Protein chains: 2
Amino acid sequence: MESSAAIDRLSALAQPGRLAVFRLLVRAGPEGIPAGEIAAAVGLAPNTLSAQLTILVQAGLLSSAREGRVIRYAARPDALSELIVYLMEDCCGGRPEICQPVQEAAARAACCPPAKSRSRRPLRA
Amino acid sequence: MESSAAIDRLSALAQPGRLAVFRLLVRAGPEGIPAGEIAAAVGLAPNTLSAQLTILVQAGLLSSAREGRVIRYAARPDALSELIVYLMEDCCGGRPEICQPVQEAAARAACCPPAKSRSRRPLRA
DNA sequence: GCGATATTTCGACATTCGTTGAAATATGGA
DNA sequence: TCCATATTTCAACGAATGTCGAAATATCGC
């Protein structure tokens, strides 16, 4: 991931309204939510929200699809993972002991069932 | 982690100079780097850098320690892990299939030796 | 104490950002 | 076609941001 793209994503998320929108959409899953419902949920005027959605889409964090009169927005999980990878990238410049806590924390946060072959204890116990 | 703290960290990192400084210091490890050397490395005027360092410290991303005439700054890896955990938090609201790719990417980025008992293939192959 | 070095603080400036109200565009239904 | 709904676009405003030059502060060695 390029530095300028990372900055675009970081600054897209670095604003209360946009962060709330993104988290809402991550929670909502792949189906996404129509713009109007998002506006109601986060308490933003439709035009204000529209500007914020544009920023999030341009940063690659959201996708949008028209469905009749409604435009449905959804989070792009890959965009978040790319950003996280970029942020962790430099941890490991010959110094694994530094980024290990980061790695562990990230694994802990991922409360998903283990990816392939790994079951030690119930996560988020 | 609180939402406002997350925003502070995101917006602290959402600026080219500050992101460059943070990455430099992550790479540098726990010993950190004196302010003057940082300024030279990232090409910022000393006073400009000072302002950016203040923002990074206030966001909790850096620590600083005076050593004689020099002030040495170091990255706080925990701050990054907290931020990543916060960003990943909502992935898993009943929808593990969404955040799984994120989790895998994070694990892949962490090029550290496996935390405890896990060796499938050379990471970053 | 004095001078030199390292860093920060202050004041000012142009630029960017987030919000608002009003108008424009797009879609679907009568 | 005409109207209602959903969303965006536009112009403008105050607030916040990043950078600069100059001055202040802190520390060290003489």
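What you see is a predicted model; the values in this text were computed from it and never measured. In what follows, chains carry the letters A, B, and so on, assigned in the order in which the sequence lines appear, proteins first and then strands, with residues in each chain numbered from 1.
At D:dT17, none of the side-chain N or O atoms of B:Q52 fall inside 4.0 Å of OP1 or OP2 (strictly under the cut-off).
A:L49 has its CG atom 12 Å from the C1' atom of D:dA6, to the nearest Å. Atom CG of B:L53 is separated from atom P of D:dT19 by 12 Å (rounded to the nearest Å). Between A:Q15 atom CD and D:dA16 atom C1' the separation is 12 Å, expressed in whole Å.
Looking at B:R23, its side chain never comes within 3.5 Å of a backbone N or O of B:L25 through a donor-acceptor pair. Under a 3.5 Å cut-off, the side chain of B:S50 and the backbone N or O of B:P46 do not form any donor-acceptor pair. Checked by atom type and distance alone, the side chain of B:R76 never pairs as donor or acceptor with a backbone atom of B:V57 at under 3.5 Å.
B:L87 places none of its side-chain heavy atoms less than 4.5 Å from the side chain of A:F22. Residues B:L13 and B:L83 form a side-chain contact, since some pair of their non-hydrogen atoms from C-beta on lies under 4.5 Å apart.
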| task | Evaluate the side chain to side chain contact (heavy atoms under 4.5 Å, CB included) criterion for residues A:Q52 and A:I55: first the C-alpha distance (whole Å), next the side-chain angles of each, then the deciding distance (0.1 Å), finally the verdict. | result | CA-CA 5 Å; A:Q52 311 292 34; A:I55 290 171; 3.8 Å; yes

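Along DNA chain C, read 5' to 3', the first and last nucleotides having any atom under 4.0 Å from a heavy atom of chain A are C:dG18 to C:dG28.
Grouping the Ile, Leu, Val, Met, Phe, Trp and Tyr side chains by contacts below 4.5 angstrom, directly or via other members, places A:L61 with B:I7.
Judged by closest nucleotide on DNA chain C, A:A14 is the one of A:A14 and A:N47 placed further toward the 5' end.
Contacts between residues 56-76 of chain B and DNA chain C, defined by a heavy-atom separation under 4.0 Å, are made by B:R69, B:V70, B:I71, B:Y73.
Checked options A:T48, A:L19, A:L24; the residue passing with A:V42 is A:L24 (criterion: side chain to side chain contact (heavy atoms under 4.5 Å, CB included)).
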